[in-house]
Colleague: 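Quick one: this structure, given as structure tokens, is what I'll be asking you about.
Every heavy atom of this structure was used, including side-chain atoms; hydrogens, water molecules and symmetry mates were not.
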Amino acid sequence: MNSAIGYSAWKAEHESILQSFPRRNVLLLYSGGKDSSVAMDFVSKAATEFGFGFEAHAGAYPNHRYTDEEIERLASYWRKRGVEITWHDMGETDDYIKYAVNPCISCQKLRKQMLKTSLMSTIKDWESLVLITCYSLWDVVSYSLERVLSARFSNSDKGDNDEKNRRFRETAQRFYPLLNMNEGYTIFRPLIKYNNADILNLIAKEQIPILSIPCEFSDFRPKRILEKYYAKMGMSFEYEKVFDFARSSLSLPNLSVYTSMRKEEYLLEVF
């Protein structure tokens, strides 16, 4: 597959999905990072072309990244494009994760709880819901390597293995671009087939602002370290090859493992 990224090619690939959006309640999870910013660009263009509305929601955490000035800079750009972002306060200071064993895991748990609480209290018609979340091809390559290193080559006790299997169950569902859940709602990952360089090139070409304050805890995320290696080596990947490898060599769980989950379990434990 040619991974060159652009709205026209992206629209053509996902047209059947986009055509259903006027009948759906579309929520895009925005972080201000490069991936969610490109997804926002594409979805906002598609909203005009296909005639649907959507909401953008952002968890403003960790606090040191989301200053008032930074939030207003990003919000102002998208407001001019007709998108009003709802910014959610996590209700915690950065001390909540600063002293954690792994700040990124604690941050992720906090965000999941916020998402579940927000959705459970506001969504009335789950069958109409589409949740758009933004992972790239580099993300799933890193999840594959994480699985290889942790499950195949490490010397761990049963407790560690249980946690690694739980982690793989969580990351493995991100290999799937589309999950049509049994309870009626849909998970859509619009950038899962694109490499980081393609995404960055589009950010530069379209002059889309992204979050400019780096996270103090980024070194706790293995995929960020791996991404630096991919970039330095000029690497790019093909989604079909990565997916086939994960399915044949890593025992990627079947789609039904996720689509059959109750929303309470999926949104808090997996998503």
Colleague: Using side-chain hydrogen bond (donor to acceptor under 3.5 Å, both in side chains) as the criterion, list what pairs up with Q173, not counting sequence neighbours.
Modeller: R189, Y266

Colleague: Are F217 and I213 grouped together when hydrophobic residues (ILVMFWY) are joined by side-chain heavy atoms under 4.5 angstrom apart?
Modeller: no

Colleague: Would a 4.5 Å heavy-atom cut-off, applied to side chains only, mark K98 and E216 as touching?
Modeller: no

Colleague: Let me know which of K80, R79, R81 forms a side chain to side chain contact (heavy atoms under 4.5 Å, CB included) with Y77.
Modeller: R81

Colleague: Run the side chain to side chain contact (heavy atoms under 4.5 Å, CB included) test on T186 and L178 for me, step by step, so that the C-alpha distance in whole Å, both residues' side-chain angles and the decisive distance to 0.1 Å come before the verdict.
Modeller: CA-CA 7 Å; T186 296; L178 192 72; 3.5 Å; yes

Colleague: Does atom CD (Q207) have a neighbourhood of more than 12 heavy atoms from anything else shown, all under 6.0 Å?
Modeller: no

Colleague: Could you state whether L29 and Y176 fall into the same hydrophobic cluster, counting links through intermediate Ile, Leu, Val, Met, Phe, Trp or Tyr residues with side-chain heavy atoms under 4.5 angstrom apart?
Modeller: yes

Colleague: So do L28 and M40 actually touch side chain to side chain, heavy atoms under 4.5 Å?
Modeller: yes

Colleague: List the atom of V270, the atom of E170, and the distance in Å for their closest heavy-atom pair.
Modeller: O-CG, 3.2 Å

Colleague: So M261 and E269, side chain to side chain contact (heavy atoms under 4.5 Å, CB included) or not? Walk me through it.
Modeller: CA-CA 10 Å; M261 286 182 179; E269 300 298 331; over 6 Å; no

Colleague: Indicate yes or no: at least one non-hydrogen side-chain atom of W78 is less than 4.5 angstrom from one of D41.
Modeller: yes

Colleague: Which heavy atom in K34 sits nearest to a heavy atom in L200, and how many Å separate them?
Modeller: CD-CD2, 3.6 Å

Colleague: Is F21 linked to V83 within one hydrophobic cluster, defined over Ile, Leu, Val, Met, Phe, Trp and Tyr using a side-chain heavy-atom separation of less than 4.5 Å?
Modeller: yes

Colleague: If you round to the nearest 0.5 Å, how far is OG of S118 from NE2 of H57?
Modeller: 6.0 Å

Colleague: Backbone N or O of D219 within a donor-acceptor pair of the R224 side chain at under 3.5 Å?
Modeller: no

Colleague: About how many Å separate OG of S128 and CD1 of I123, when rounded to the nearest 0.5 Å?
Modeller: 7.0 Å

Colleague: Just verifying a value: how many Å separate L18 CG and E13 CD, rounded to the nearest 0.5 Å?
Modeller: 10.5 Å

Colleague: Check A58 against I85 and note the closest heavy-atom contact, atom names and distance.
Modeller: CB-CG2, 4.0 Å

Colleague: Centre-to-centre under 6.0 Å for Y239 and F175, is that the case here?
Modeller: no

Colleague: What's the separation between atom CG in L137 and atom CG in D198, rounded to the nearest 0.5 Å?
Modeller: 9.0 Å

Colleague: Grouping I, L, V, M, F, W and Y whenever their side-chain heavy atoms are under 4.5 Å apart, do Y258 and W126 come out in a common cluster?
Modeller: yes

Colleague: Taking D244 for its side chain and K241 for its backbone only, find out whether a donor-acceptor pair lies under 3.5 Å.
Modeller: no

Colleague: Return the CH2 to OH distance between W10 and Y194, rounded to the nearest 0.5 Å.
Modeller: 8.5 Å

Colleague: So I17 and V130, side chain to side chain contact (heavy atoms under 4.5 Å, CB included) or not? Walk me through it.
Modeller: CA-CA 10 Å; I17 299 172; V130 177; over 6 Å; no

Colleague: Looking only at non-hydrogen atoms, find the nearest pair between R221 and C104 and report the distance.
Modeller: CG-SG, 2.9 Å

Colleague: If I compare all heavy atoms of N182 with all of S260, which pair ends up nearest, and what's the gap?
Modeller: ND2-CA, 3.3 Å

Colleague: Would you say F50 and E15 make side-chain contact, with heavy atoms under 4.5 Å?
Modeller: yes

Colleague: So, the side chain of S249 versus the backbone of A246: is there a donor-acceptor pair under 3.5 Å, distance only?
Modeller: no

Colleague: Please step through side-chain hydrogen bond (donor to acceptor under 3.5 Å, both in side chains) for the pair Y7 and E206, ending with a clear verdict.
Modeller: CA-CA 11 Å; Y7 173 70; E206 300 293 332; over 6 Å; no

Colleague: Side chain to side chain contact (heavy atoms under 4.5 Å, CB included) for E146 and F168? Distances and angles first, verdict last.
Modeller: CA-CA 9 Å; E146 178 185 329; F168 184 63; over 6 Å; no

Colleague: So do F54 and S44 actually touch side chain to side chain, heavy atoms under 4.5 Å?
Modeller: yes

Colleague: Looking at side-chain heavy atoms only, is the closest gap between N180 and T259 below 4.5 Å?
Modeller: no

Colleague: Do H14 and F42 have their ring centres less than 6.0 Å from each other?
Modeller: no

Colleague: In terms of heavy-atom contacts, does OH of Y229 have more than 12 from other residues, nucleotides or ligands at under 6.0 Å?
Modeller: no

Colleague: Nearest 0.5 Å, please: how far is CE in M90 from CD1 in I97?
Modeller: 11.5 Å

Colleague: Linking I/L/V/M/F/W/Y whenever any side-chain heavy atoms sit under 4.5 Å apart, do I208 and I71 land together?
Modeller: yes

Colleague: Spell out, as yes or no, whether a donor-acceptor pair under 3.5 Å connects the side chain of S36 to the backbone of C134.
Modeller: no

Colleague: Is the backbone N or O of G59 less than 3.5 Å from a side-chain atom of R111, with the two atoms forming a donor-acceptor pair by type?
Modeller: yes

Colleague: Using every non-hydrogen atom in the two residues, find where R23 and Q19 come nearest and quote the distance to one decimal.
Modeller: NH1-O, 3.7 Å

Colleague: I want to check something: taking the side chain as every heavy atom from C-beta on, are C107 and L110 in contact at a cut-off of under 4.5 Å?
Modeller: no

Colleague: Please check if atom CD in E127 has more than 12 non-hydrogen atoms from other residues, nucleotides or ligands closer than 6.0 Å.
Modeller: no

Colleague: Report yes if some heavy atom in the side chain of W87 is under 4.5 Å from a heavy atom in the side chain of D89; otherwise report no.
Modeller: no

Colleague: Taking D94 for its side chain and H64 for its backbone only, find out whether a donor-acceptor pair lies under 3.5 Å.
Modeller: yes

Colleague: Closer than 3.5 angstrom, by distance alone: can the side chain of N63 be matched with the main-chain N or O of E92 as a donor-acceptor pair?
Modeller: yes

Colleague: Taking it one step at a time, do R147 and Y143 satisfy side-chain hydrogen bond (donor to acceptor under 3.5 Å, both in side chains)?
Modeller: CA-CA 6 Å; R147 179 63 173 174; Y143 297 143; over 6 Å; no

Colleague: Is it the case that the side chain of S76 and the backbone of R73 share a donor-acceptor pair, with hydrogens and angles ignored and the cut-off at 3.5 Å?
Modeller: no

Colleague: Does this structure show an ion pair linking E227 with K223, if we count only N-O contacts that are shorter than 4.0 Å?
Modeller: no

Colleague: Would you confirm whether E70, through its side chain, and R65, through its main-chain N or O, come within 3.5 Å as a donor-acceptor pair?
Modeller: no

Colleague: With no hydrogens and no angle check, is any side-chain donor or acceptor of N195 less than 3.5 Å from a backbone partner on A197?
Modeller: no

